[in-house]
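Step one of this worksheet: look at the structure below.
Because the structure is predicted, anything quoted here is derived from the model rather than measured. Along the sequence shown, the residues carry numbers beginning at 1.
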Amino acid sequence: MKRKAFSIAYIVICFIFFYFPIAVMMFYSFNSSKSLTNFTGFSFQWYQKLITDSSIIKAVYVSISIALFATIISTVLGTITAIGLSKSNKIIKGVIKNFNDIPIMNPDIVTAIGLMIFFSSIMMEKGYLTMLLAHVAFCTPYVLTSVYPKVRNLDPAVADAALDLGATPFEALTKVIIPMLKDGIYAGILLAFTMSFDDFVISYFVTGRGVQNISIIVYNMTKRTNPTINALSTIVIIVIAFSLIVSRLIPDMVKNTMKKLMAVFMAVLIGVTIFTGVKSSKRTIRVFSAGEYIDTSVLDEFEEKYKCNVIYETFDSNETMYTKIMSGAEYDILVPSDYMIERLITEDYLQEIDWNKITNKDAINQDYLGFPYDPDNKYSVPYFVGTVGILYDKNVVDEEDLKDGWELLRNPKYKGDIYMYDSERDSFMIALKALGYSMNTDNYEEINEAYEWLIEQRDTMDVVYAGDDVIDNMISGNKSIAVVYSGDGALIMSENPDLGYFEPEEGTNEWCDGMVITNACTDTDLAHEYIDFILSYDIARRNTEYVGYTSSVEQVVEDLSKEDFEGINAFTPVFGKKNNEVFRYQELKIKQYFADMWTKVKAY
């Protein structure tokens, strides 16, 4: 009896462990605030936003259609291969089985990079088709693995008997062999659909032309505090749960009807996919920017105003962006950071801006022009700007301690109460500035001193290295001090008024993300119209309100600093301070040295 009670308790604990986080996520999908951890009231606002967001609706369509097509194709390929393999000799079986195991055992990132290079080498434009082919490539091995054991258990005499009784080979295959393999085929179907619908890494590297599935959309949402993720995930979970319940409860007659409806749905889906795949005769602009860095509704307005198509894709870092464009992906407009702009200029990847076509150029704050990476702004137009500073809880941190500057991050009073930003360059910037050195140094002795500074901080202060999750953690008050970008600081302070922001006197990083036009752009008029559109007051204001970062448009910052961001100094960072610097492009040797040192800092 005790053993039975223990077993039941164990099962209950396992269920709680697996499903409680999902329940919490569903609960917070009805939160009235942006916080992902602090429930402030019941609201359907995130579901409303989800339904009205055209980019998410498109992503749902892409995910479902790709998963269905990939499942059908991979199931056919995997099943036929399994049947053919059973008739092959031992050597061929061994070779094919070993080759089949490679995609299953390979890390996703290896498969993703391999497929990306393959599509680029054959000059195949990345988009819906390349994503579909990639999904078929990694789903088929799972189907083969599921079906082949069932094939091995088949009695060969059954198929021979069917042929002796007058069945054609095709009839023997479809009416005798395949029905006997249905359990393995169904398992393969479920595996293929799940793998395809859930995939992110491979999809991210093989997509193009603005094609995004749910996984990519969700990943981009994680770059900022976006509770729409919770709403989207909740709907997906409900649909899956409902489908499982219905499949268990409904009678066979209804199941047959649903199969017919599914066939009709597939026919409609194929038709819609083919129709949407027909190229439009409209002008097209291809934009590559960071995730969650624009109010996507403005793209619809630009398309309507200029009667064109905007293909908008996102990246998670400047390095990822560089990897994709070096692999052959072509874009018209990029939105990289300062040091990456310098690299692209050096490598002759950009064309000059025709400032005569930028009618809103006078709206740009002059403090955000003339950075060292592009002193005459020949190649770049500033988009968002900011600094790196320290966010602190005014109720916990002593104002006198702020005089220590970056050394505040090594003050024993705040041990275990600090978030460091999980960024190689920004962390070393802090250490270098604290030591009185340039953050762009290439002096190995200075870099080693900065490394020792970070090691000592790590070992004595019990710091937590956080990424974009620092936003919600600081809103919720989980720690008292955090290193943040000023834009994130402004957003956090707007949600938590107990926080303050300051930039140490030793100096900090002034950064600027700019819009640039690539040499691959052929419709430069449309590219300039896009940049000019983004700089217009109404559009710049909406983007700033959506993202929370400081716009390069001076009037937008002035107005919002008196409204939504009133009293929030992180929203109006002061540029041009004596010790502040902008990141410059690093030579490969120095970059690798910093990377090696950073790996050692994080290896604990």
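Closest of all the heavy-atom pairs between P573 and S486 is CG-OG, 4.0 Å. Across E506 and D404, no two heavy atoms sit closer than the pair OE2-O, 3.5 Å. Contact record, S551 with V385: O-CG2, 4.5 Å, taken as the closest heavy-atom pair. Closest approach of K394 to G500, counting heavy atoms only: CG-N, 3.9 Å. Of all heavy-atom pairs between P336 and V516, the closest is CD-CG2, 3.9 Å. Scanning all heavy atoms of the two residues, the minimum distance from V201 to A112 falls at O-CB, 3.8 Å.
For the pair F533 and E529, the minimum side-chain heavy-atom distance is 4.5 Å or more. Residues M116 and K126 form a side-chain contact, since some pair of their non-hydrogen atoms from C-beta on lies under 4.5 Å apart. Between I447 and F594, some side-chain heavy-atom pair lies under the 4.5 Å cut-off. Within the 4.5 Å cutoff, the side chain of I216 has heavy atoms near those of the F200 side chain. Within the 4.5 Å cutoff, the side chain of I66 has no heavy atoms near those of the N213 side chain. Side chains of S289 and L334 form no contact here, defined as non-hydrogen atoms less than 4.5 Å apart. In this structure, F302 and L299 have side chains that are not in contact, with every pair of non-hydrogen atoms separated by 4.5 Å or more. Side-chain atoms of R458 and M420, non-hydrogen and from C-beta on, never get closer than 4.5 Å to each other.
Counted by atom type alone, Y204 and D199 present zero donor-acceptor pairs between their side chains at under 3.5 Å. Checked by atom type, the side-chain pair Y537/Q555 shows no donor-acceptor distance below 3.5 Å. No side-chain donor-acceptor contact under 3.5 Å links S536 and N360. A donor and an acceptor atom, one from each side chain of S380 and D374, are located under 3.5 Å apart. Side-chain contact annotation: N543 with D295, donor-acceptor N/O pair under 3.5 Å absent. Under the 3.5 Å distance criterion, with hydrogens and angles disregarded, no donor-acceptor pair is assigned to the side chains of E407 and N411. Between the side chains of E503 and T387, at least one donor N or O lies within less than 3.5 Å of an accepting N or O. Looking only at atom types and distance, the side chain of R343 has no donor-acceptor partner in the side chain of Y339 under 3.5 Å away. With 3.5 Å as the limit, one finds a donor-acceptor pair spanning the side chains of S317 and T320. Side-chain N/O atoms of Y47 and S29 include a donor and acceptor closer than 3.5 Å. Side-chain contact, Y530 with D332: no donor N or O sits under 3.5 Å from an acceptor N or O.
Ionic pairing of E301 and R542 is present here: one or more N-O contacts between side-chain nitrogen and carboxylate oxygen are shorter than 4.0 angstrom. Salt bridge annotation for D532-K361: absent, with no cationic side-chain nitrogen under 4.0 angstrom from a carboxylate oxygen. Ion pairing between E558 and K562 fails under the 4.0 Å rule for side-chain N and carboxylate O. Taking a cutoff of 4.0 Å between a charged side-chain nitrogen and a carboxylate oxygen, D462 and K415 do not qualify as a salt bridge. Salt-bridge check for E563 with R541: passed, with a basic side-chain N closer than 4.0 Å to an acidic carboxylate O. For K577 and E510, the salt-bridge test fails: no basic side-chain N is under 4.0 Å from an acidic carboxylate O.
Although no hydrogens or angles enter the test, the distance criterion places a donor-acceptor pair under 3.5 Å between the side chain of N569 and the main chain of Y501. Between the side chain of T544 and the backbone N or O of G548, no donor-acceptor pair lies under 3.5 Å. Looking at T508, its side chain does come within 3.5 Å of a backbone N or O of V388 through a donor-acceptor pair. A donor-acceptor pair under 3.5 Å is formed between the side chain of S561 and the backbone N or O of V557. Under the 3.5 Å distance criterion, the side-chain polar atoms of T284 are left unmatched by any main-chain donor or acceptor of V310. With hydrogens and angles ignored, the 3.5 Å screen pairs a side-chain donor or acceptor of T550 with a backbone N or O of F571. With hydrogens and angles disregarded, a donor-acceptor distance shorter than 3.5 Å links the side chain of D338 to the backbone of C512.
Rounding to the nearest 0.5 Å places OG of S494 at 5.0 Å from CD1 of I568. The CE atom of M26 sits 10.0 Å away from atom CD1 of I235, with the distance rounded to the nearest 0.5 Å. Atoms CG and CH2, from N377 and W355 in turn, are 5.5 Å apart once rounded to the nearest 0.5 Å. Put simply, CG on D367 and OG on S552 are 12.0 Å apart, with the number rounded to the nearest 0.5 Å. In this structure, the separation between CD1 on I430 and CD on Q457 is 7.5 Å, given to the nearest 0.5 Å. Atoms CG and NZ, on D417 and K413 in that order, are 12.0 Å from each other to the nearest 0.5 Å.
The salt bridge (charged side-chain N to carboxylate O under 4.0 Å, His left out) search around K479 returns none, not counting sequence neighbours. Residues satisfying the salt bridge (charged side-chain N to carboxylate O under 4.0 Å, His left out) test with E449, not counting sequence neighbours, are none. Residues passing the side chain to side chain contact (heavy atoms under 4.5 Å, CB included) test with N440 are R425, S438, E581, F583, R584, sequence neighbours excluded.
Remark: of the listed residues Y368, Y549, Y383, Y373, Y549 is the sole one forming a ring-ring contact (aromatic ring centres under 6.0 Å, His included) with W511.
Between F17 and Y19, the ring center distance fails the sub-6.0 Å criterion.
Cation-pi geometry between K602 and Y465 is met: the NZ or CZ atom falls under 6.0 Å from the ring centre, inside 45° of the normal.
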Exercise for review: Any chance you could lay out the side chain to side chain contact (heavy atoms under 4.5 Å, CB included) test for K357 and I531, step after step, and finish with the verdict?
Suggested key: CA-CA 9 Å; K357 297 180 180 179; I531 293 173; over 6 Å; no

**Study point:** Derivation of the side chain to side chain contact (heavy atoms under 4.5 Å, CB included) call for L409 and V463
**Key:** CA-CA 9 Å; L409 303 174; V463 297; over 6 Å; no

**Study point:** Derivation of the side chain to side chain donor-acceptor pair (under 3.5 Å) call for D513 and Y293
**Key:** CA-CA 10 Å; D513 292 345; Y293 222 38; 2.6 Å; yes

Practice item. Output, in order, the C-alpha distance, side-chain angles, deciding distance and verdict of salt bridge (Lys or Arg N to Asp or Glu O under 4.0 Å) for E505 and K578. Key: CA-CA 9 Å; E505 290 298 321; K578 180 180 177 182; over 6 Å; no

**Study point:** From CA spacing to verdict: side chain to side chain contact (heavy atoms under 4.5 Å, CB included), Y312, I294
**Key:** CA-CA 10 Å; Y312 190 85; I294 193 172; 3.2 Å; yes

**Study point:** Worked check of side chain to side chain contact (heavy atoms under 4.5 Å, CB included) between L535 and I358
**Key:** CA-CA 9 Å; L535 291 176; I358 309 297; 3.7 Å; yes

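Taking the six-membered ring where tryptophan is involved, the planes of F288 and Y331 are essentially parallel, since the angle between them stays under 30° and well short of 60°.
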